[in-house]
Number of protein chains: 2
Amino acid sequence: MLTNSRLVHQTHDHGRCIKAALTRALDLCVERKARMTPTREAVLRLLWQSHQPLGAYQLQDQLATLLDKKIAPPTVYRAIEFLLQLGLIHRIASLNAYIGCPFPNSDHSNLFMICNNCGSAAEVAHASINELLQTASDKANFTLQSQTLELFGLCPQCAYIENKSK
Amino acid sequence: MLTNSRLVHQTHDHGRCIKAALTRALDLCVERKARMTPTREAVLRLLWQSHQPLGAYQLQDQLATLLDKKIAPPTVYRAIEFLLQLGLIHRIASLNAYIGCPFPNSDHSNLFMICNNCGSAAEVAHASINELLQTASDKANFTLQSQTLELFGLCPQCAYIENKSK
DNA sequence: AAGTGTTACGTTATAATATAACATAAATAT
DNA sequence: ATATTTATGTTATATTATAACGTAACACTT
């Protein structure tokens, strides 16, 4: 099981992990002959900075501060669209929010575990879930093309705190 | 595997199946001491009438026609909220749309197979997927509370047509 | 280096989805 | 009958997302 849940839920050198994400992104841009502009980079950085999914208008605010100029919604949505296309970020449909993808390039299932308490979201790529979904689709004669899998509950920390306070 | 995909994708006595859904809904209301008002019933009926998920504003239009009066958004959203609470309908997050639940009461996974071509959505309750999701959550120390599972692709009919035309 | 096509961004307006707040009416309980 | 709860009507507005069109930056060719 490919997972970043440890990463998300534990203290770590986050600056480093953002930097790694940007490096991966730049590599991918070279590969795909796409341009990593300042706006796009800033959005990617913001999404990585927060382990919580951010909405487009949260991004707009933070982007305006970061770049110190007015940013209109289309600018944000364009950057989001670009990053989504490259697989560098994901959209979490249940939240209308966006988050950095910890393993772009790799073919994975986009399964998210989202904490109802603190809002953190961990992505998990789980091969056997994918296989099972494929099998279920086959049985139903359904041609599977893409999927949205979002689990809601309590992350380890919040569950721990919740238990302690009982 | 509990499924309504045959039901959805094949011709059947749909009037009868709507009626059955309404009967189940009324029973549930009695059980929960909830009121099935004309607006709520109309929304449930509309959602059952269409095997495609309907958006709130599509419902608003159809509701206005059906009840022959002006309907404001809050009215629609209130009915939706009520039906969601009772588990009589589901919200499909990726589509911002709503659909009747074929097996209310039963504890199930809310897995949808949604056709990218015709828009139909079939709900499937698949015990082993649920188990696997539970196991994956346990391993990650994540306390699972609810889930959104939406598969996109081609329904049997659309896949068949697609293949034929090649 | 100048011209040309493409790609990205700025700007304004608006569409689509959803909810807040408060008034009225209908149903239920006492 | 009256009080209480529950549902609906109504107006306004919040939130999320996109259309349309103009301008600027880039990158390729000559």
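Heavy atoms only: backbone and side chains are in, while hydrogens, waters and symmetry mates are out. Chain A is the first sequence line, chain B the second, and so forth, proteins listed ahead of strands; every chain is numbered from 1.
Across all strands, A:Lys69 comes closer than 4.0 Å only to sugar-phosphate atoms, never to a base (heavy-atom distances).
The main-chain N or O of B:Leu46 is never found under 3.5 Å from a side-chain atom of B:Gln62 such that the two would form a donor-acceptor pair.
For the residue pair B:Asn130 / B:Gln134, no side-chain donor-acceptor distance below 3.5 Å is found, with atom types taken as modelled. Side-chain atoms of B:Asn117 and B:Gln157 form no donor-acceptor pair, as typed in the model, at a separation below 3.5 Å.
Atoms CD (A:Glu81) and C1' (C:dT7) sit 15 Å apart, rounded to a whole Å. Rounded to whole Å, the distance from CG on A:Leu67 to P on C:dC9 is 11 Å. Straight-line distance from the NZ atom of B:Lys70 to the P atom of D:dG9: 13 Å, rounded to whole Å. One atom, CZ of A:Arg78, and another, C1' of D:dT23, lie 11 Å apart when rounded to the nearest Å. C:dA16 atom P lies 12 Å from atom OH of B:Tyr77, rounded to whole Å. Rounded to a whole Å, the CG atom of B:Asp61 is 13 Å from the C1' atom of C:dT17. If you take CD of B:Gln60 and P of C:dT19, they are 14 Å apart, rounded to a whole angstrom. One interatomic measurement links the two molecules: CZ of B:Arg35 to C1' of C:dT28, which rounds to 7 Å at whole-angstrom precision.
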Report the C-alpha separation of A:Leu63 and A:Val43 in whole Å, then their side-chain angles, then the decisive distance to 0.1 Å, and conclude whether the side chain to side chain contact (heavy atoms under 4.5 Å, CB included) test is met. CA-CA 7 Å; A:Leu63 202 54; A:Val43 169; 3.8 Å; yes
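The phosphate of D:dG9 has OP1 or OP2 within less than 4.0 Å of a side-chain N or O from B:Thr75. An OP1 or OP2 oxygen of C:dC9 is reached within less than 4.0 angstrom by a side-chain nitrogen or oxygen of A:Thr39. Contact annotation: B:Arg40 side-chain N/O to D:dA7 OP1/OP2 distance is under 4.0 Å. At the phosphate of C:dA18, OP1 or OP2 sits under 4.0 Å from a side-chain N or O atom of B:Asn96. Between A:Arg91 and D:dT16 there is no side-chain polar atom (N or O) within less than 4.0 angstrom of OP1 or OP2.
Judged by distance alone, with hydrogens and angles left aside, B:Tyr57 brings a side-chain donor or acceptor within reach of the base of C:dA18, the pair sitting under 3.5 Å.
A 4.5 Å side-chain heavy-atom check between B:Leu86 and B:Cys29 finds at least one atom pair inside the cut-off.
Taking the nucleotide of DNA chain D with the nearest heavy atom to each of A:Gly55 and B:Pro38, the more 5' of the two is matched to B:Pro38.
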